[in-house]
Each structure stands twice: as C-alpha cells, then as structure tokens.
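Note sheet for the following structure.
Letters A, B, ... are given to chains in the order of the sequence lines, protein chains preceding strands, and every chain is numbered from 1.
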Amino acid sequence: MEYRHDVCLEELCPVCGDKVSGYHYGLLTCESCKGFFKRTVQNSKKYTCIENQACRIDKIQRKRCPFCRFQKCLHVGMRLEAVRADRLRGGRNKFGPMYKHDRALKQQRKALIQASSICPESSLLLASSKHQKAFTVTGGLHRHTVFWSTPSLCSFLPSNSSGVTQDLHTSLSNQTFMLEYSSNCASSTGTAAGIVINPSQYSSHFSNQGSRMPPLVVEFLRCDPDEIELQNKITTRLQQEQMCREKHRDNDTFSLMCIMADQMLCSIVQWARASIFFKQLKVSDQMKILHHCWSELLLLDIISRQVLYGKEGSLLLVTGQEVILSDLVSCVSPLVASLTQRGQDLVEKLHALKVDRQEFACIKFLILFNPDVKELEGHGFVETVQKQVEGALLEYILSSSSQYLGRFAHLLLCLSELRSLSTLTEDYLYFRHLRGEVPCNNLLNEMLHAKCSWNEDFYVHDSIRKH
DNA sequence: TTAGCCTTGAGT
DNA sequence: ACTCAAGGCTAA
C-alpha cells in the first residue's frame, strides 16, 4: 500500500488501499471493507489471528486475516454504532453532517493547496526527513553538577497494548475518546479517524474563542502541558538531582544542557502518551514515531517558548532562566553558533507571523504523526491523523487570519526549516554521543542510540523483550 | 465468506 | 426528484 500523494489518498481505502466507494460507517472506505465491517458487527463475529495480530492488510491480503482486518477497521476509525441494530434500510443517520463537513474540508484543503501552489500533499513539506534536530544552548548558566538516570522510553509506554481484544463490546469501550458528534459545532474532525470532540467540554476554558475554534484544536490545547507547571517540574527535578549527585561527574554546560533536554524529552513523551490519537497506536508504533520525531519536537518546544514568551536577544530556558544570545554564541563552537543563529532566525520568522499557542499545538501533532516513519503497523491511521490535523490547522487559520493562504504556506515552510535544523542538530548530538559526551542512562541517550541502529530494530526493542 | 451490485428511504 | 449511506442479495 503505497500512499504517495494526497490525490491518491483521497481515493484509497484506509483499511486495505482499495478504491473508495463512499462514506461507510464513519469514513471513506471501499465497498469490500464496508461489507466486511457490516457482516462482522451484525453477526457479532469473533476472529482469531494465527500470526501475531499484526498482519498486513492490503487489497490482495485482506481476506487472509479477518481478525487483523477488523482491528484495522476499528483502528482507522470505522464506527460500530453506525451499523444499525434494527437493520433498517435507507435514510440517513447522525453521521450525515459529519460526512458533509468532511467533504467540505477536503474540498477546502484541495482548493487551498492548489491556490498555494503547494504540492497536493502538504506532507511533502511536512514529512520527508530521516531524523531531526537538537538544541544548541550553552553559556554561563549553572555552575553545578547535575546528573541522573531517566527511565527508558519503553518504560514510559504501556507494556500491554499489544494484546488486542477481539470482543466487540470491549472495542466499543476502548473508544471512549470518541465523543459524540455535535452537528452544531464548527468542527474539523469527524473524518477518517472518527474522532469528534464535543466543544462544550472545553468551552469554559476558551470561552472567548470556543465557538470558532475547531474542536480538534481545542483538544490539542488541552493536551498541551502548562508552561508554568513544566517549568516547576523540571526545575525541581534538576535541583533534586543536583543535591543527590553533586559529587558525580563533570558539570560542563553541554552536559547540563543534555540533562535539561532529557527532562524535556520525558515531558514530550508524557505529552504524547496523554494525547488524543497517540494512545490508539500500538506501543511498537509509538516507539517508532517517537524515535523519529523526538528531536524535532524538542526543537519546536524550545523555539515555541522563544516565540510565545521569550525576549529579543535572549534565550529562555524551560527552567525560566534567560541566557543572553550574544554571550552564548561567543562561547560555543562555530557549528553550534551557526545552528543557534538558524534557530534564532526561525524564531524571528515565527514571531513575525505571530504564531500562537493553538498553531504550535497543531504543529506538534503534525510532527508527531509523520507518515514517513517506516514500517508502521498503523501507517494508514497515522496518515489519517495527519490529514485531520492539517484540516484542523487550516480551519483554525481560516477562522483567525485573513491572510490564510500565505499563512498556511509559511507555516509549512517554517516546518521544513525546523526539520532541516533538527537533522543538523541531531547529527551534532550524535557526534558528541559517539564521543561519549552525552550523559548516559537517560532518554536522550536512548534516542541517540536508536539513531545509530537506524535500520535494525532497535535498542528499545531489546528493552521491550527484557520487560 | 467475499465483494460487487441492488434496494431502500430520510434528508435535501 | 435527487442524493447517498444504510442494509440486502447472490455468484464466485
């Protein structure tokens, strides 16, 4: 199943890649998956997988494992409740407005993309990198030693999600995130992944904008960690570790920055884990995705902090401390100085665009759900989510900016630059890692380790087996 | 059991 | 009257 362009994607079934025949049970699917889903639900069929519940489902092989096919149906967002218990024919159900809205969004996106002269899939810009970035902070900050170990990535992720239940009722209860569709909300959701947020749940938080904000954006904001809490948490941990480990290790600025980055990575992983869509992925996919985008997310975190809260000429750390940029640039290597400068240029671009929290929240999800990640079991799902996120971002921009065409294109270009920067910075970190200069036993280290076994599967997988 | 085609009927 | 997602039918 090769999805190269949105043009094709629009017409391919997210379950098997066959030609789409219309909206069925919540999303666009082919006729055969529609029939399969209907038969399974109507007859309460129970299947078993003779492999390891990870069979590839495509047009050719879809008949081979109904268990995995049905799992995939649920995974991409087909809705059990759209199969009628009374078997009444004809008419319309409550999903009608959702389909209509989805169609309108697709139309809108197509028009926008054409008008922006961007390739049919914005994911061309969003999605082609092998790895990412790092951060370039250094300078005369702390003068103390901080070192501690962090749990590995797999310990952040649930260990039991490989066991997929085949029971329909359990499947239903697993979908508690699928909140009821509300046709009177300006939603950007309810598309292929079938996720629809009821904005009334959050309207108290965003009462000034709640009526206009796409529900998915509201949800992204809700997932976003609070900056003050994050600052307190990381500062506290840095202090704790400083007290515990004062005697250990050299405390050069680079090590300190690694440790801070490591803490930020922990919070990024926690954010992902608690976020809509991500929890639906299998743990193996969650790991692949995080291994792929950690540095980009880390860099975005640093950059968004500068754009939203920072002052010109200084670098605001997650701990709330400020570093004067000119001091910083003068005491690091030329490579790091140039990376810092590029990062600063990006900050200025985003600042000029007045990118807000909502947009950053969407961008984080665009980075996280990158369909370019290799060998994902839930590849179709990731693509679907990315399209939904793009749709939500687009809708948000449409509602909040009169310059939406240029704005959307600009944001994509900034993302492209972010990716390129992240690749360079990650390479730099990797180089320091190979020289043994990155503190061990932490998440950052593990990410870099994963990078070194890029085509094999990975250090983390070993950790899983041990568990 | 699958999947392509057919029938139905509420919403527009 | 038309649309289009439901369910139904049936050859393979």
Rounded off to whole Å, could you give me the CZ-to-P distance for the A/Arg62 and B/dT1 pair?
17 Å
A/Phe360: ring-ring contact (aromatic ring centres under 6.0 Å, His included) partners, not counting sequence neighbours:
none
Name the nucleic acid region contacted by A/Arg39, choosing base, sugar-phosphate or nothing; use a 4.0 angstrom heavy-atom cut-off, strictly under.
base
Tell me, please, the opening and closing nucleotides of DNA chain C, 5' to 3', among those with an atom under 4.0 angstrom from a non-hydrogen atom of chain A.
C/dT3 to C/dG8
Salt bridge (charged side-chain N to carboxylate O under 4.0 Å, His left out) filter on A/Glu51, not counting sequence neighbours, yields none
Any idea how A/Phe277 and A/Phe369 line up, ring-wise: parallel (<30°), tilted (30 to 60°), or perpendicular (>60°)?
perpendicular
dist A/Leu429:CG -> A/Leu339:CG (nearest 0.5 Å) comes out at 9.5 Å
By salt bridge (charged side-chain N to carboxylate O under 4.0 Å, His left out), which residues pair with A/Arg342, not counting sequence neighbours?
A/Glu417
Reading DNA chain C from 5' onward, which residue's closest nucleotide shows up sooner: A/Gly22 or A/Lys38?
A/Gly22
Contacts of A/Phe37 meeting ring-ring contact (aromatic ring centres under 6.0 Å, His included) (sequence neighbours excluded), chain-then-number -> A/Tyr25, A/Phe70
Please give, in whole Å, the distance from B/dT2 C1' to A/Arg64 CZ?
16 Å
Can you name the residues that form a salt bridge (charged side-chain N to carboxylate O under 4.0 Å, His left out) with A/Arg62, not counting sequence neighbours?
A/Asp18
Touch check for A/Arg69, heavy atoms < 4.0 angstrom, all strands: base, sugar-phosphate only, or nothing?
sugar-phosphate
Atom-pair distance (CG on A/Asp18; P on B/dT2), nearest Å:
14 Å
Computed from five pairs at either end and rounded to 10 degrees, the angle between the axes of the helix from B/dT1-C/dA12 to B/dT12-C/dA1 is 10°
Set of residues satisfying side-chain hydrogen bond (donor to acceptor under 3.5 Å, both in side chains) with respect to A/Arg92, sequence neighbours excluded:
none
Partners passing ring-ring contact (aromatic ring centres under 6.0 Å, His included) against A/Phe365 (at least two apart in sequence or in another chain):
A/Phe220, A/Trp271
Under the rule for salt bridge (charged side-chain N to carboxylate O under 4.0 Å, His left out), what residues qualify as partners of A/Asp285, not counting sequence neighbours?
none
Going 5' to 3' through nucleotides 5-12 of chain B and flagging B where a protein heavy-atom sits under 4.0 Å of the base, S where only the sugar-phosphate is that close, and - otherwise, we get B-BBBBS-
Quick one: list whatever passes side-chain hydrogen bond (donor to acceptor under 3.5 Å, both in side chains) with A/Glu377, sequence neighbours left out.
A/Lys282
